[in-house]
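We use all heavy atoms of the structure for the numbers below, so side chains are in, but hydrogens, waters and symmetry mates are not. By convention here, the first residue in the shown sequence is residue 1.
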Amino acid sequence: MRAVIIAGGEIFDPSFYKEYFREDDIVICADSGYQNAYKLGLVPDVVIGDFDSFPEEQVTAGKKIVLPVEKDRTDSHECVYYAIEHGFCEILLLGAIGTRLDHTIANLHLLKIALDAGVDMKIANEQNEVFLIREKTEFSKKTGWHVSLLPIGKAEGIVTEGLYYPVMNGTMEFGNPYGVSNEFTDDTAKVSLKGGLLLVILSRD
């Protein structure tokens, strides 16, 4: 069961996202993500927010959960917790990348919450797909897309397969981002590590 969480960040080309959606997705909107949902042709099942960026009275579909304006968690943060607490085993977060760098970085932190809960989570927009690993992953080639590996703190024992610049028992630390813009050499790439956390970012220009 998958939750598609839609935040209020930039969505320029709604048609791009059609390949991501499944018929049985549950759509959870974070505040003004409600507008993005309709831009994507989706009807929200749940809308969560303090409605400081979108008028509450305009929400006419889905269960509505109103949060206080003064709180410790962002609306997207609350949506991720809602999805985990309601038993979703997979989360796709859209509209999470925008002009506010603080919100974008905060949304990347949400990947750790899902990882700790054993939930597969991905953030995506038209140029990027991002997920966080603790042990290993494999993913299919996307033609024209780059692969970057960036540590959260320190990541050790990194091994890659199917990428042009191989890493064998490598260490990556914050402040030395040498894992940017690798390329696929096989139809499937594999990444593993023995310690730490690693962001895997697929991106295109």
Side-chain angles (χ1 to χ4, degrees), residues 2-5 7 9-10 20 30 72-74 76-85 88-205:
R2 186 177 75 164
V4 175
I5 297 175
E10 296 169 338
Y20 282 96
D72 293 330
R73 299 174 181 172
T74 66
S76 297
H77 193 163
E78 293 285 357
C79 288
V80 169
Y81 269 111
Y82 180 93
I84 292 170
E85 290 166 0
F88 290 92
C89 59
E90 190 176 355
I91 296 172
L92 173 63
L93 177 55
L94 307 177
I97 300 172
T99 56
R100 284 283 299 271
L101 182 59
D102 53 348
H103 279 287
T104 299
I105 294 174
N107 287 332
L108 292 176
H109 280 244
L110 302 181
L111 294 167
K112 172 70 160 46
I113 296 171
L115 185 67
D116 288 344
V119 174
D120 290 333
M121 179 172 166
K122 178 189 295 183
I123 294 174
N125 73 349
E126 289 98 320
Q127 279 76 40
N128 305 278
E129 290 186 2
V130 189
F131 53 95
L132 184 67
I133 63 169
R134 178 177 279 121
E135 295 177 354
K136 61 182 178 179
T137 189
E138 62 179 74
F139 45 94
S140 299
K141 177 180 180 179
K142 292 173 71 73
T143 302
W145 291 60
H146 309 286
V147 180
S148 294
L149 305 176
L150 295 173
I152 302 298
K154 184 176 183 179
E156 301 176 290
I158 302 166
V159 176
T160 65
E161 297 178 43
L163 297 176
Y164 183 80
Y165 299 103
V167 181
M168 294 298 297
N169 197 32
T171 297
M172 294 185 178
E173 297 184 74
F174 185 82
N176 183 22
Y178 71 86
V180 175
S181 288
N182 214 328
E183 305 289 342
F184 288 96
T185 56
D186 297 334
D187 289 336
T188 301
K190 299 180 180 180
V191 180
S192 63
L193 67 158
K194 294 179 180 177
L197 297 170
L198 201 60
L199 279 172
V200 179
I201 305 171
L202 281 66
S203 57
R204 64 174 182 168
D205 295 323

- Message: Working note: Phe131 + Leu115, criterion side-chain contact (heavy atoms from CB on, under 4.5 Å); need CA distance, chi angles, decisive distance, verdict.
- Response: CA-CA 9 Å; Phe131 53 95; Leu115 185 67; over 6 Å; no
Contact between [X] and [Y] at the side-chain level, heavy atoms closer than 4.5 Å - yes or no?
X: Val80; Y: Met121; value: yes
X: Leu149; Y: Tyr165; value: no
X: Tyr20; Y: Val4; value: no
X: Val130; Y: Leu199; value: yes
X: Lys122; Y: Asp120; value: no
X: Phe184; Y: Thr143; value: no
X: His146; Y: Glu183; value: yes

[X] [atom1] to [Y] [atom2] distance, which is reported to the nearest 0.5 Å:
X: Asp186; Y: Tyr164; atom1: CG; atom2: OH; result: 13.5 Å
X: Arg73; Y: Leu110; atom1: CZ; atom2: CG; result: 10.5 Å
X: Thr171; Y: Asn169; atom1: OG1; atom2: CG; result: 6.5 Å
X: Leu198; Y: Leu150; atom1: CG; atom2: CG; result: 7.5 Å
X: Glu129; Y: Ile201; atom1: CD; atom2: CD1; result: 11.5 Å
X: His77; Y: Tyr81; atom1: NE2; atom2: OH; result: 4.5 Å

Any side-chain to backbone donor/acceptor pair from [X] onto [Y]? Under 3.5 Å, distance only.
X: Asn182; Y: Leu163; answer: no
X: Ser140; Y: Thr188; answer: no
X: Asn125; Y: Asn128; answer: yes
X: Thr160; Y: Val167; answer: yes

Closest non-hydrogen atom pair between [X] and [Y], with its separation:
X: Gly95; Y: Ala7; result: O-CB, 3.1 Å
X: Ser148; Y: Ser181; result: OG-N, 2.8 Å
X: Ala83; Y: Ile5; result: CB-CD1, 4.4 Å
X: Ala155; Y: Leu193; result: CB-CD1, 3.9 Å
X: Lys136; Y: Ser192; result: CB-CB, 3.8 Å
X: Thr104; Y: Gly98; result: OG1-N, 3.3 Å

Is the count of non-hydrogen atoms from other residues, nucleotides or ligands lying under 6.0 Å from [X] atom [atom1] greater than 12?
X: Phe174; atom1: CZ; value: no
X: Asp187; atom1: CG; value: no
X: Lys190; atom1: NZ; value: no

- Could you walk me through whether Arg134 and Asp116 pass the salt bridge (Lys or Arg N to Asp or Glu O under 4.0 Å) test, one step at a time? CA-CA 9 Å; Arg134 178 177 279 121; Asp116 288 344; 2.7 Å; yes
